[in-house]
Amino acid sequence: MKHFLAKNATLRHRCYSLYCTLFCYARSLLILFVCLWVGNFLSLLLPILIPGSIIGLLILFFLLVFQIIPSTWVRNGCNFFMRYMTILFVPAAMGIMDNYVYLLNSWAPIIIGSLASTFIIMVFIGWLTQRLHSRALPAIDNSINDNTKGE
């Protein structure tokens with residue numbers, strides 16, 4: 001978009017720059033929506049209760065990890081959604097505010113569950129990190145190289 005707004009750009013160059021920018025956005029949004037639609041379709045077919053959006057996210061993840069599609073192809077669409085993500089949470093927040101009476105009646109289980117799950121996750125991640133670091137490769141013995149330093 002920077003080239004489109006340049007003062008010394010010709011009309012042909014501006015049109016080409018605009019075309020490239022719109023094509024990149026359309027391609028990235030199309031890839032994101034196809035992954036979502038395939039995930040929703042698989043969610044209907046599979047007997048497990050995983051939402052289609054999660055399956056679509058996993059499909060996109062594996063496409064990117066195995067480099068079937070380059071990450072540059074989805075970067076513009078992802079940046080667009082990330083820029084306006086807070087707007088997507090407004091309806092959920094309004095739904096919570098409409099039902100605050102239910103939250104007031106069950107505030108204790110919500111707080112206890114949140115604190116307990118946070119504590120359990122912290123303990124598990126700490127244990128897993130210690131276990132993985134204890135399996136690290138042994139340090140390389142540098143005593144062979146120390147003989148050359150004295151010369």
Side-chain angles (χ1 to χ4, degrees), residues 1-140:
M1 202 63 164
K2 186 186 332 178
H3 301 290
F4 178 74
L5 299 175
K7 288 183 180 179
N8 57 354
T10 63
L11 180 62
R12 183 176 181 195
H13 187 262
R14 286 180 189 214
C15 289
Y16 178 74
S17 175
L18 182 63
Y19 165 76
C20 288
T21 303
L22 291 176
F23 175 76
C24 287
Y25 275 102
R27 178 180 57 195
S28 63
L29 292 175
L30 180 68
I31 291 170
L32 292 173
F33 283 124
V34 165
C35 288
L36 175 67
W37 291 330
V38 170
N40 285 334
F41 180 72
L42 288 176
S43 176
L44 292 175
L45 293 179
L46 296 175
I48 54 177
L49 296 174
I50 298 176
S53 59
I54 302 299
I55 295 173
L57 190 64
L58 289 173
I59 291 170
L60 179 65
F61 173 74
F62 286 118
L63 288 174
L64 291 171
V65 165
F66 295 119
Q67 296 178 353
I68 296 170
I69 58 169
S71 63
T72 56
W73 285 10
V74 293
R75 183 172 291 141
N76 287 336
C78 292
N79 287 338
F80 175 76
F81 281 127
M82 293 295 285
R83 188 178 308 138
Y84 300 110
M85 184 185 286
T86 55
I87 295 172
L88 300 175
F89 288 110
V90 171
M94 290 298 107
I96 288 174
M97 293 309 295
D98 286 341
N99 299 316
Y100 73 94
V101 174
Y102 300 120
L103 291 175
L104 287 176
N105 291 337
S106 58
W107 66 271
I110 292 172
I111 299 294
I112 292 170
S114 298
L115 293 175
S117 64
T118 302
F119 179 75
I120 290 169
I121 289 171
M122 286 173 53
V123 168
F124 176 73
I125 295 297
W127 172 80
L128 186 64
T129 303
Q130 285 182 348
R131 186 170 172 102
L132 289 176
H133 281 293
S134 67
R135 289 186 180 183
L137 295 174
I140 298 173

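Values reported hereafter were calculated over all heavy atoms of this structure, with side chains retained and with hydrogens, waters and symmetry mates removed.
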Is the side chain of S43 donor-acceptor paired with the backbone N or O of P51 at a distance under 3.5 Å, no angle test?
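Answer holds: no.
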Residues in ring pair (Phe, Tyr, Trp, His ring centres under 6.0 Å) contact with Y84, at least two apart in sequence or another chain:
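In terms of ring pair (Phe, Tyr, Trp, His ring centres under 6.0 Å), with neighbours along the sequence ignored, Y84 is linked to F80.
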Looking at every non-hydrogen atom in both residues, tell me the closest pair between Y25 and N76 and how far apart they are.
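For Y25 and N76, the tightest heavy-atom pair comes out as CE2-O, 3.5 Å.
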For S28 and V74, work out which heavy atoms get closest and say how close.
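Between these two residues, the closest heavy atoms are CB-CA, 3.5 Å.
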Nearest-0.5 Å distance, [atom1] of residue [X] to [atom2] of residue [Y]:
{"X": "C35", "Y": "L57", "atom1": "SG", "atom2": "CG", "value": "9.0 Å"}
{"X": "S106", "Y": "I111", "atom1": "OG", "atom2": "CD1", "value": "10.0 Å"}
{"X": "L64", "Y": "I59", "atom1": "CG", "atom2": "CD1", "value": "12.0 Å"}
{"X": "I54", "Y": "L36", "atom1": "CD1", "atom2": "CG", "value": "10.5 Å"}
{"X": "L63", "Y": "L58", "atom1": "CG", "atom2": "CG", "value": "11.0 Å"}
{"X": "L44", "Y": "I55", "atom1": "CG", "atom2": "CD1", "value": "9.0 Å"}

Atom CG of L49 with >12 non-hydrogen neighbours under 6.0 angstrom:
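Check fails, neighbour count at 12 or below.
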Mind checking whether F23 and Y19 have parallel, tilted or perpendicular rings, split at 30° and 60°?
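Because their plane-to-plane angle is under 30°, the rings of F23 and Y19 count as parallel.
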Validation row: [X], [Y] side chains within 4.5 angstrom (heavy atoms):
{"X": "L32", "Y": "F81", "result": "yes"}
{"X": "F33", "Y": "W37", "result": "yes"}
{"X": "V38", "Y": "L42", "result": "yes"}

Among all residues two or more places apart in sequence or in another chain, which pass the side chain to side chain contact (heavy atoms under 4.5 Å, CB included) test with T72?
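Checked T72 against side chain to side chain contact (heavy atoms under 4.5 Å, CB included); matches are P70, R75.
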